[in-house]
Undergrad: 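My questions will all concern the structure given below.
Computed over heavy atoms, backbone and side chain alike; hydrogens, waters and symmetry mates excluded. Below, read A as the first sequence line, B as the second, and so on, with proteins coming before strands; counting in each chain starts at 1.
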Amino acid sequence: MATPLSTMKFWKPGSEAPGLSEERDLPSETTGSPVVFNPHTALSIEKQRQKLPVFKHRNNILYLVESYQTVIIYLLEAGWAAEGRVIGVTQPRRVAAISVSNRVAEERGALLGHEVGYTIRFDDCSDPQATRIKFLTDGMLVREMMADPLLKKYSVLMLDEAHERTLYTDIAIGLLKKIQKKRRDLRLIVASATLDAKKFQEFFNLNETSDPNKDTCGILTVEGRTFPVDMFYTISPVPDYVKATVETVMKIHETEDDGDVLAFLTGQDEVEKVVSQLQEQARSLSRYGMKKYLRVMPMYAGLPYAEQMKVFDRAPPTVRKVVVATNMAETSITINGVVFVIDCAFVKLRAYNPSTAIESLVVSPISKASASQRAGRAGRNRSGKCFRLYTEEDYEKLPASTVPEMQRTNLTPVILQLKALGIDNVLRFSFLSPPPAQTMIQALELLYALGGLDQYGRLTDPMGVRMAEFPLSPMFAKMLLESGNFGCSKEIVTIAAMMQIQNIFVLPSNQKKVAARQHRKFAVAEGDHLTMLNVFEAFLKHQKSSQWCQEHFLNYKGLLRALTVREQLRRLMNKFKVPRTSSEGDPDVILRCIVAGFFANAARIHHSGSYRTLRDDRELHIHPNSVLFGEKPPKWVVYNEVVQTAKYYMRDVTAVESSWLVELAPHFYKQAKHGSLASKRSRVL
DNA sequence: GAGCACTGC
């Protein structure tokens with residue numbers, strides 16, 4: 001049977017008007033409106049040209065940037081790393097810190113870990129005596145400030161990828177401004193790939209006169225070395241970008257020369273849908289003797305590691321690779337050979353509601369900066385093309401940049417860390433983009449309820465000080481610090497470590513039922529926390545065998561990571577002299593300890609079958625990934641977090657007794673006369 | 001009955 005054909009029109013850039021260019025017929029199974037692209041002048045990745053300020057060593061830097069892609073080498077040779085001083089370079093992601101340090105070590109002919117090194121959590125490849133250029137994650141830099149508040153060992157700090165405005169880049173920026181006032185010798189280089197340069201300059205410039213010669217901050221614009229990318233827009237808005245993505249891939253495959261395709265979508269569901277539709281079309285194409293084959297692959301963070309790695313395999317010349325990805329492919333990974341990009345204009349972003357303390361994942365339009373980043377993925381090896389599944393008018397309406405993470409996240413851990421760094425008045429902290437005041441107040445209230453802050457909002461000693469040292473959210477830290485008293489620190493440290501790992505249970509798309517059956521073997525009626533403890537203990541019992549993990553559909557790499565996290569947490573527990581105790585098989589001791597940390601996240605069953613928060617009577621549901629999903633619902637539960645997707649879902653849920661809540665958090669809950677619980681609003685002065 | 005974008009300490 002022949003594939004039904006629908007006519008798709010598109011125009012090459014530079015053609016005079018829509019309609020003048022040639023039409024081609026393309027196989028397509030969809031019958032809806034075709035995707036049509038508008039001609040558009042070929043434009044390189046949008047970049048901004050700015051006047052170069054007087055910069056003495058400009059030519060020198062430009063030369064070095066051209067040859068080595070880094071200014072740091074220049075600084076080293078100018079003496080910034082002399083007399084034991086260190087040049088630090090931060091990256092938002094661990095892999096970037098490692099790969100960039102490798103590259104720089106190679107170019108300097110140095111052995112990694114000596115003159116050039118890196119430091120990330122669980123992996124310190126640097127030498128305090130020898131390392132002069134140190135790459136680290138921005139989160140690690142903030143941690144280092146806890147031991148060395150003025151970062152005295154650094155002469156120069158470069159914050160790379162600052163335009164991404166990740167949470168820790170922003171925290172580092174705010175803290176560095178404060179440090180710079182006390183350390184006039186500290187030099188800062190902020191590397192940004194977008195139009196934010198001006199904002200950074202205004203933030204860091206200490207010049208209060210109108211004389212630009214007194215500026216303490218200058219901008220240097222350096223052109224990137226990417227290839228031009230032609231832009232195509234649709235003529236009219238696309239009603240269904242999933243369908244349009246499929247059509248556009250097929251059109252590219254039919255009409256364009258060699259080159260792989262990268263398509264951006266918002267989530268796992270959409271990715272899998274497009275992959276299966278494309279595979280179906282590819283099969284019918286091969287029956288019709290197309291010269292080239294399509295190899296379609298999904299890419300998202302939740303995919304098992306082995307399947308993720310497949311997108312990096314080089315395809316033979318007779319095969320065109322199509323990678324259908326989430327936003328992961330925008331910054332975190334780079335796939336070589338991509339010449340065509342398809343951009344749906346949407347992304348799933350975290351949002352935080354300070355009045356309900358609930359995080360949600362919302363499909364939102366991308367920013368122009370993000371659109372540019374996506375398009376750039378087509379021009380890494382040679383000139384490419386970017387097909388935007390939206391009109392040029394809609395592009396113009398997109399916001400210039402994405403809302404910084406600082407403004408759309410729960411700030412409880414951040415506020416605690418700032419307090420620990422001596423920032424007394426966090427509300428007046430110099431944020432590059434201040435978060436909502438209510439988010440900060442909400443964080444202060446929770447920290448007070450946990451005992452990390454006193455009634456005046458001051459860090460408590462030892463509780464608050466210790467909580468801040470844990471690389472975990474404060475509720476976890478509280479639970480860990482109390483576990484010795486409850487008599488279950490051995491079990492709690494494992495539970496806390498396991499809860500930091502995503503996707504412990506692997507569900508391969510072709511064996512979901514078998515996998516789920518294996519997973520049920522670990523499930524216990526109390527809930528997810530004890531189930532995770534079971535999984536980890538079974539893993540140890542089977543000598544950490546990867547074979548055993550595979551048979552039980554468990555994430556082996558994740559479990560190894562839990563082992564490392566557990567080790568780090570144990571060291572901190574020892575440091576704070578938390579007694580090493582075991583519950584010896586008594587589950588209640590462990591559950592009570594969980595309540596000591598997570599009492600604020602409590603819910604009771606409602607006659608409708610769903611749950612209601614104790615805090616504000618909000619409707620909640622058990623997440624489908626919880627072992628309690630589909631079971632007889634316990635009357636009272638505590639949970640690690642709530643995420644809002646289609647509904648408000650509690651993730652990592654455990655059954656508790658209501659009496660424990662009153663007993664362990666009397667400051668937070670009071671027993672009402674009729675036997676139900678109500679929350680007291682705790683306030684920080 | 002139904003689902004998780006992506007990082008980091």
Undergrad: With a 4.0 angstrom cut-off to heavy atoms of chain A, pull out the first and last contacting nucleotide of DNA chain B, in 5'-to-3' order.
TA: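 The contacted stretch runs from B/dG1 to B/dC9.
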
Undergrad: So what does A/R651 touch, heavy atoms closer than 4.0 Å: a base, only the sugar-phosphate, or nothing?
TA: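 Touches a base.
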
Undergrad: Please list, chain by chain and in numerical order, all residues satisfying side-chain hydrogen bond (donor to acceptor under 3.5 Å, both in side chains) with A/E405, sequence neighbours excluded.
TA: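 Expected list: A/R350.
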
Undergrad: Describe the nucleic acid contact of A/R93 in one word from base, sugar-phosphate, nothing, applying a heavy-atom distance below 4.0 Å.
TA: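 Contact class for A/R93: sugar-phosphate only.
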
Undergrad: Can you give the donor-acceptor pairs under 3.5 Å from side chains of residues 500-508 of chain A to other protein atoms, not counting sequence neighbours?
TA:
unit_1, atom_1, unit_2, atom_2, d
A/Q500, NE2, A/A496, O, 2.9

Undergrad: Taking the nucleotide of DNA chain B with the closest heavy atom to each, which residue, A/Q500 or A/L349, is nearer the 5' end?
TA: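 Looking at the nearest nucleotide for each, A/L349 comes out on the 5' side.
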
Undergrad: Return the set of residues passing side-chain contact (heavy atoms from CB on, under 4.5 Å) with A/A497 (not counting sequence neighbours), or none when no residue passes.
TA: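 Here the qualifying residues are A/V565, A/R566, A/L569.
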
Undergrad: Just checking A/G630: base, sugar-phosphate only, or nothing, at a heavy-atom cut-off of under 4.0 Å?
TA: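 Base: the residue A/G630, judged by heavy atoms under 4.0 Å, touches a nucleobase.
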
Undergrad: With salt bridge (Lys or Arg N to Asp or Glu O under 4.0 Å) as the rule and sequence neighbours excluded, what pairs involving residues 631-649 of chain A come up?
TA: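 Counting only pairs at least two positions apart or across chains, the salt bridge (Lys or Arg N to Asp or Glu O under 4.0 Å) contacts touching residues 631-649 of chain A are A/R520-A/E631, A/E641-A/R651.
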
Undergrad: Which part of the nucleic acid, if any, lies within reach of A/T137 when heavy atoms closer than 4.0 Å are counted: base, sugar-phosphate only, or nothing?
TA: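 Result for A/T137 = sugar-phosphate.
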
Undergrad: Is the backbone N or O of A/P128 less than 3.5 Å from a side-chain atom of A/T131, with the two atoms forming a donor-acceptor pair by type?
TA: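 It does not hold such a pair.
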
Undergrad: With heavy atoms under 4.0 Å as the rule, sort A/Y300 into base, sugar-phosphate or nothing.
TA: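 Contact class for A/Y300: sugar-phosphate only.
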
Undergrad: Select from A/E405 and A/T645 the residue whose nearest nucleotide in DNA chain B is closer to the 5' end of that strand.
TA: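 Closest to the 5' end, via its nearest nucleotide, is A/T645.
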
Undergrad: Can you establish whether the number of heavy atoms outside A/K177 located under 6.0 Å from its atom NZ is more than 12?
TA: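 Buried by this count: over 12 neighbours within 6.0 Å.
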
Undergrad: Which pairs with one or both residues in residues 496-510 of chain A pass salt bridge (Lys or Arg N to Asp or Glu O under 4.0 Å), sequence neighbours excluded?
TA: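 Those involving residues 496-510 of chain A do not exist here.
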
Undergrad: Could you list the donor-acceptor pairs under 3.5 angstrom formed by side chains in residues 467-480 of chain A, with sequence neighbours left out?
TA:
unit_1, atom_1, unit_2, atom_2, d
A/E469, OE1, A/K575, NZ, 2.9
A/E469, OE2, A/K575, NZ, 3.1
A/K478, NZ, A/L450, O, 2.9

Undergrad: Below 4.0 angstrom, which residues in residues 524-534 of chain A have at least one non-hydrogen atom near DNA chain B?
TA: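 The answer is none.
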
Undergrad: Check every strand shown and say whether A/N625 touches a base, only sugar-phosphate, or nothing at a heavy-atom separation below 4.0 Å.
TA: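 If one applies the 4.0 Å heavy-atom cut-off, A/N625 turns out to touch a base.
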
Undergrad: Just to be sure I understand the rule, does A/L167 reach a base, reach only the sugar-phosphate, or reach nothing, if contact means heavy atoms closer than 4.0 Å?
TA: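 Counting heavy atoms under 4.0 Å across all strands, no contact is made by A/L167.
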
Undergrad: For residues 521-530 of chain A, which side-chain N or O atoms pair as donor and acceptor with protein atoms under 3.5 Å away, sequence neighbours left out?
TA:
unit_1, atom_1, unit_2, atom_2, d
A/K521, NZ, A/Q518, OE1, 3.1
A/D528, OD1, A/S626, OG, 3.4
A/D528, OD1, A/V627, N, 2.8
A/D528, OD2, A/S626, OG, 2.7
A/D528, OD2, A/V653, N, 2.8
A/H529, ND1, A/T654, OG1, 2.5
A/H529, NE2, A/N640, OD1, 2.9

